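The figures that follow rest on heavy atoms only: side chains count, while hydrogens, waters and symmetry mates do not. Everything numeric in this text was worked out from a predicted model, so none of it was measured.
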Amino acid sequence: MRRSVFVLGLAMALAAGGYSSYRYILSYLHDEREMEERRNIELAINAVPVQPKLPFALIIGDSISVSYTLLVKLRLEGIVNVMRPMENCSSTLTIRENLDRWLGQTKWAVIHFNAGLHDLEHVQQENAAPGTQKMVPINKGPHWISLESYRANLDNIVKRLKQTNATLIFATTTPVPAGERNRAPEDVALYNQTALDVMRDNGVLIDDLYSVAVQSADRFQIPQDVHFFEAGSRILAEHVAASIKAALPIQTSPGQ
């Protein structure tokens, strides 16, 4: 009922026109997405009880990973405890600032991580502190994190992750569709190539989610939006689950 009333309000606001109405709509949609992300994270964390005798895998990523974490967790139930931070991990700058807290004291067997979509988004100010960045249209501001800073941040992140002795897997950044207001589709290849260079220099495994997603993006990605319909998240989850399972120590595999 609440949503129906608001949809009617949106229609009236659009009919009336005006920049203030437009900003109000964007603000509402942003808040709705953040609440949905929070619900999905809580569901993913609590859906399957932790089994202390099983190994632990950590997923670090943005809202794309939020949408597939629960699906990965269910696919790997009884094999590995799949965990993630209770938040959108956003950009490489965000990860650097929070990584020690997210790693905690857990002995991680596998860490599957990604950052890119937030790094390449256009904002009012480059390197703005996480939580203060404000997204703007592509031609109205710089990337939040430049390619040079992206590389440096990833180097720093990988160095810290290696200290855990976990098997590391980097997931390539999924596509940006044409018409996305705050990101340029062509930037994904540039940021992915930079990430791949860092990962190969450090011997980090690659989960090429970009190639997986681009094959079906026309059917399973929301138009003019980096997010995916549920069918698209299921496809990504299958690959993430397979990459984590393959990276587990042999003695922790079923039947060993």
Side-chain angles (χ1 to χ4, degrees), residues 32-90 94-95 98-118 157 161 164-174 204-213 216 220-222 226-256:
E32 282 284 291
R33 174 157 287 161
E34 285 199 339
M35 286 190 290
E36 182 179 1
E37 282 183 10
R38 184 73 182 182
R39 288 193 295 267
N40 287 340
I41 291 172
E42 291 175 350
L43 181 60
I45 293 298
N46 299 317
V48 179
V50 171
Q51 301 182 50
K53 293 184 179 181
L54 294 179
F56 285 78
L58 178 64
I59 293 178
I60 296 175
D62 55 28
S63 57
I64 304 302
S65 74
V66 170
S67 297
Y68 61 62
T69 296
L70 174 59
L71 300 171
V72 172
K73 188 162 187 154
L74 294 174
R75 281 168 171 75
L76 296 179
E77 184 176 2
I79 299 173
V80 59
N81 296 299
V82 176
M83 312 297 291
R84 67 161 295 117
M86 289 290 291
E87 55 201 286
N88 182 325
C89 302
S90 190
T94 310
I95 294 174
N98 293 278
L99 190 53
D100 285 340
R101 176 170 61 86
W102 292 341
L103 292 174
Q105 301 301 313
T106 302
K107 180 175 174 57
W108 302 105
V110 178
I111 299 176
H112 185 285
F113 66 108
N114 164 265
L117 284 176
H118 285 274
I157 291 167
L161 291 178
T164 67
N165 293 317
T167 298
L168 306 181
I169 306 171
F170 180 81
T172 52
T173 296
T174 49
V204 176
L205 300 176
I206 302 298
D207 186 1
D208 192 6
L209 292 187
Y210 174 84
S211 295
V212 172
S216 56
F220 299 134
Q221 191 169 32
I222 300 172
V226 296
H227 299 90
F228 293 85
F229 295 114
E230 184 177 349
S233 293
R234 285 200 300 269
I235 292 172
L236 296 178
E238 289 173 4
H239 286 264
V240 173
S243 69
I244 291 175
K245 185 177 180 180
L248 290 171
I250 294 176
Q251 63 268 26
T252 64
S253 298
Q256 296 294 321

Checklist line | Worked verdict on Leu161 versus Leu103 for side-chain contact (heavy atoms from CB on, under 4.5 Å) | finding: CA-CA 9 Å; Leu161 291 178; Leu103 292 174; 4.0 Å; yes
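- For the pair Gln51 and Asn81, the minimum side-chain heavy-atom distance is below 4.5 Å.
- Judged by distance alone, with hydrogens and angles left aside, the side-chain atoms of Ser233 form no donor-acceptor pair with the main-chain N or O of Tyr68 at under 3.5 Å.
- Heavy-atom minimum distance, Trp102 versus Trp108: O-CZ2, 4.2 Å.
- Nearest heavy atom pair, residue Ile244 against residue Val110, reads O-CG2, 4.1 Å.
- Taking every heavy atom of both residues into account, Arg84 and Gly61 meet most closely at NH2-O, 3.0 Å.
- Side-chain contact check for Leu74 versus Leu70: some heavy-atom pair is nearer than 4.5 Å.
- Val50 is listed as a side-chain neighbour of Met83, based on a closest heavy-atom distance under 4.5 Å.
- Nearest heavy atoms, Lys73 versus Val82: NZ-O, 3.1 Å.
- How far CG of Leu209 is from NE2 of His239: 8.0 Å, rounded to the nearest 0.5 Å.
- Across all non-hydrogen atoms, the minimal contact from Ser243 to Asp207 is OG-OD2, 3.1 Å.
- Atom-to-atom distance recorded for His227:NE2 and Leu117:CG is 8.0 Å, nearest 0.5 angstrom.
- Rounding to the nearest 0.5 angstrom, the gap separating the CG atom in Asp62 from the OG atom in Ser67 is 9.0 Å.
- Leu54 contributes atom CG, which lies 9.0 Å from atom CD1 of Ile79 (distance to the nearest 0.5 angstrom).
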Next item on the list: Show the numbers, then the answer: is there a side-chain contact (heavy atoms from CB on, under 4.5 Å) between Thr174 and Val226?
Entry: CA-CA 8 Å; Thr174 49; Val226 296; 5.9 Å; no
Checklist line | Test log, rule side-chain contact (heavy atoms from CB on, under 4.5 Å), inputs Leu58 and Thr106 | finding: CA-CA 10 Å; Leu58 178 64; Thr106 302; over 6 Å; no
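- In summary, Arg234 and Glu230 engage in a salt bridge, as defined by a charged side-chain N under 4.0 Å from a carboxylate O.
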Next item on the list: Apply the test side-chain contact (heavy atoms from CB on, under 4.5 Å) to residues Phe113 and Ile169: give CA-CA distance (whole Å), side-chain angles for both, the deciding distance (0.1 Å), then the verdict.
Entry: CA-CA 6 Å; Phe113 66 108; Ile169 306 171; 5.8 Å; no
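- You'll find the side chain of Ile111 reaches within 4.5 Å of the side chain of Leu168, heavy atoms only.
- Looking at Gln221, its side chain never comes within 3.5 Å of a backbone N or O of Ser216 through a donor-acceptor pair.
- Leu205 approaches Ala247 most closely through the heavy-atom pair CD1-CB, 4.3 Å.
- Residues Leu236 and Leu71 are not in side-chain contact: their nearest non-hydrogen atoms beyond the backbone lie 4.5 Å or more apart.
- Inter-residue side-chain proximity for Tyr210 and Thr173 is flagged as unmet; no heavy-atom pair is nearer than 4.5 Å.
- A heavy-atom distance below 4.5 Å is not found between the side chains of His118 and Thr94.
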